[in-house]
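Notes to accompany the following structure.
Order of the sequence lines fixes the chain letters, A, B, ..., with proteins taken first and strands second; residue numbering starts at 1 for each chain. Since we're looking at a predicted model, the values are computed, not measured.
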Protein chains: 2
Amino acid sequence: MPHHNSAGAWAKRYHLASRAAIERILRPYDLGSTQWYVLHQLVHHGPTAQRDFPKLLQIEKPALSDVVSALVRKGFVAQAPDPNDQRQRILSLTAEGKDLWQRLPDPIALILDIAFEGVDEDSLSLVVNVLQTATERLNKRINEGTNA
Amino acid sequence: MPHHNSAGAWAKRYHLASRAAIERILRPYDLGSTQWYVLHQLVHHGPTAQRDFPKLLQIEKPALSDVVSALVRKGFVAQAPDPNDQRQRILSLTAEGKDLWQRLPDPIALILDIAFEGVDEDSLSLVVNVLQTATERLNKRINEGTNA
DNA sequence: CCTCCTTCATTCGGTACCGAACAATATCTA
DNA sequence: TAGATATTGTTCGGTACCGAATGAAGGAGG
């Protein structure tokens with residue numbers, strides 16, 4: 001926010017801008033950004049247990065449930081019970097989902113080209129290091145229990 | 001996301017972690033992070049026209065409408081029509097809102113302490129520069145019209 | 001005075017996230 | 001084998017965001 005012109009505030013602004021850009025690219029295909037990541041996983045690694053996605057996508061289970069049910073509703077993903085464990089669900093691409101993927105641009109590549117073009121590798125890796133460290137510290141605090 | 005271990009992905013993760021941390025701090029007070037920023041503005045700059053907030057908080061009008069109606073519902077903010085222009089609304093703190101602010105910790109200061117403690121000024125300003133440039137490029141593209 | 005246009009705010013439908021609580025299934029243990 | 005425990009996924013209620021459409025008020029020109 002404007003009164004805190006810090007790395008944190010710019011991380012937020014960057015995140016919102018990139019999400020808006022990605023969703024603009026994906027809108028004609030009726031896909032959201034996280035939905036795209038789910039398809040990406042299924043395309044590159046085949047059918048995957050739903051229980052693995054929260055770690056892969058860095059989201060919580062309820063958020064994943066929303067995303068999956070949207071993809072199932074749209075017919076791009078099938079959600080089948082695991083025969084060996086009735087609790088688990090296996091996600092896989094439908095024929096329609098495979099077909100969609102063929103027509104899809106890669107929003108991440110487009111965004112990175114626009115956003116970080118011309119920035120040298122050293123600067124970029126410094127940015128990654130600072131943000132990664134900050135994220136790990138925050139997550140550690142969050143998991144340690146309530147403080148304030 | 002894991003397969004794109006880039007500055008962009010870490011900006012997203014940082015943003016989500018910091019929002020989670022801020023909301024954890026604010027939860028006991030029944031406040032969300034954007035709601036806190038609205039109160040912050042009203043505390044430090046007095047009654048403010050609602051039309052000014054989208055630029056101040058970098059959000060769109062419908063998102064602001066949600067935030068304002070939550071604050072009004074909770075009794076922390078009053079929303080009065082501008083006598084000179086019936087279209088506009090003036091936001092101001094209620095007595096209850098002022099009272100709440102006295103009891104509130106500053107979540108931003110707490111987060112910045114945790115996240116960026118020990119990071120030198122030069123690194124921090126490089127991070128700000130890279131993310132700021134990236135954000136401006138993305139926003140420029142978004143506003144230029146649809147491409148992809 | 002009466003259209004036309006702009007501005008401000010809301011509503012609507014959608015995505016993306018959270019924590020808490022729940023149901024179902026599996027497993028471990030007494 | 002019965003009961004406690006752990007895992008998986010969903011539902012519920014909430015925040016925070018978007019674009020498109022709508023309504024309400026103000027201002028400009030004929």
Exam field: side chain [X] to backbone [Y], donor-acceptor pair closer than 3.5 Å:
X         : Y         : value
Thr94(B)  : Ser92(B)  : no
Ser18(A)  : Leu16(A)  : no
Arg137(A) : Glu117(B) : yes

Quiz item: Quantified as the angle between the terminal helix axes (five pairs each), what is the overall bend of the helix from dC1(C)-dG30(D) to dA30(C)-dT1(D) to 10 degrees?
Solution: 10°

[X] [atom1] to [N] [atom2], straight-line distance once rounded to whole Å:
X        : N       : atom1 : atom2 : value
Asp82(A) : dT7(D)  : CG    : C1'   : 13 Å
Glu60(B) : dG19(D) : CD    : C1'   : 9 Å
Leu57(A) : dC17(C) : CG    : P     : 8 Å
Leu26(A) : dG19(D) : CG    : P     : 14 Å

Practice problem: Could I get the full list of salt bridge (Lys or Arg N to Asp or Glu O under 4.0 Å) partners for Asp30(B), not counting sequence neighbours? | Solution: Lys74(B)

Polar pairs (N or O, both sides) under 3.5 Å between protein and nucleotides 6-16 of chain C?
unit_1: dT7(C); atom_1: O2; unit_2: Arg87(B); atom_2: NH1; d: 3.2
unit_1: dC8(C); atom_1: OP1; unit_2: Arg51(B); atom_2: NH1; d: 2.1
unit_1: dA9(C); atom_1: OP1; unit_2: Arg89(B); atom_2: N; d: 2.8
unit_1: dA9(C); atom_1: OP2; unit_2: Arg51(B); atom_2: N; d: 2.8
unit_1: dA9(C); atom_1: N7; unit_2: Lys61(B); atom_2: NZ; d: 3.0
unit_1: dT10(C); atom_1: OP1; unit_2: Gln79(B); atom_2: NE2; d: 2.8
unit_1: dT10(C); atom_1: OP2; unit_2: Gln50(B); atom_2: NE2; d: 2.8
unit_1: dT10(C); atom_1: OP2; unit_2: Ser65(B); atom_2: OG; d: 2.5
unit_1: dT15(C); atom_1: OP1; unit_2: Lys74(A); atom_2: NZ; d: 3.2
unit_1: dT15(C); atom_1: OP2; unit_2: Arg73(A); atom_2: NH2; d: 3.4
unit_1: dA16(C); atom_1: OP1; unit_2: Ser33(A); atom_2: N; d: 2.5
unit_1: dA16(C); atom_1: OP1; unit_2: Thr34(A); atom_2: N; d: 3.0
unit_1: dA16(C); atom_1: OP2; unit_2: Gln35(A); atom_2: NE2; d: 3.1

Quiz item: Distance check: side-chain N/O of Arg24(A) vs OP1/OP2 of dG19(D), anything under 4.0 Å?
Solution: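 Yes, because at least one side-chain N or O of Arg24(A) sits under 4.0 Å from OP1 or OP2 of dG19(D).
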
Exercise. Could you label the plane-to-plane angle of the Trp101(A) and His40(A) rings as parallel, tilted or perpendicular, counting under 30° as parallel and over 60° as perpendicular?
Key: perpendicular

Quiz item: Phe53(B) and Val72(B): same hydrophobic cluster, using ILVMFWY side-chain contacts below 4.5 Å?
Solution: yes

Practice problem: Please step through ring pair (Phe, Tyr, Trp, His ring centres under 6.0 Å) for the pair Tyr14(A) and Tyr14(B), ending with a clear verdict. | Solution: CA-CA 11 Å; Tyr14(A) 168 78; Tyr14(B) 169 78; over 10 Å; no

Quiz item: Are the side chains of Leu57(B) and Val67(B) in touch, meaning some heavy atoms are under 4.5 Å apart?
Solution: no

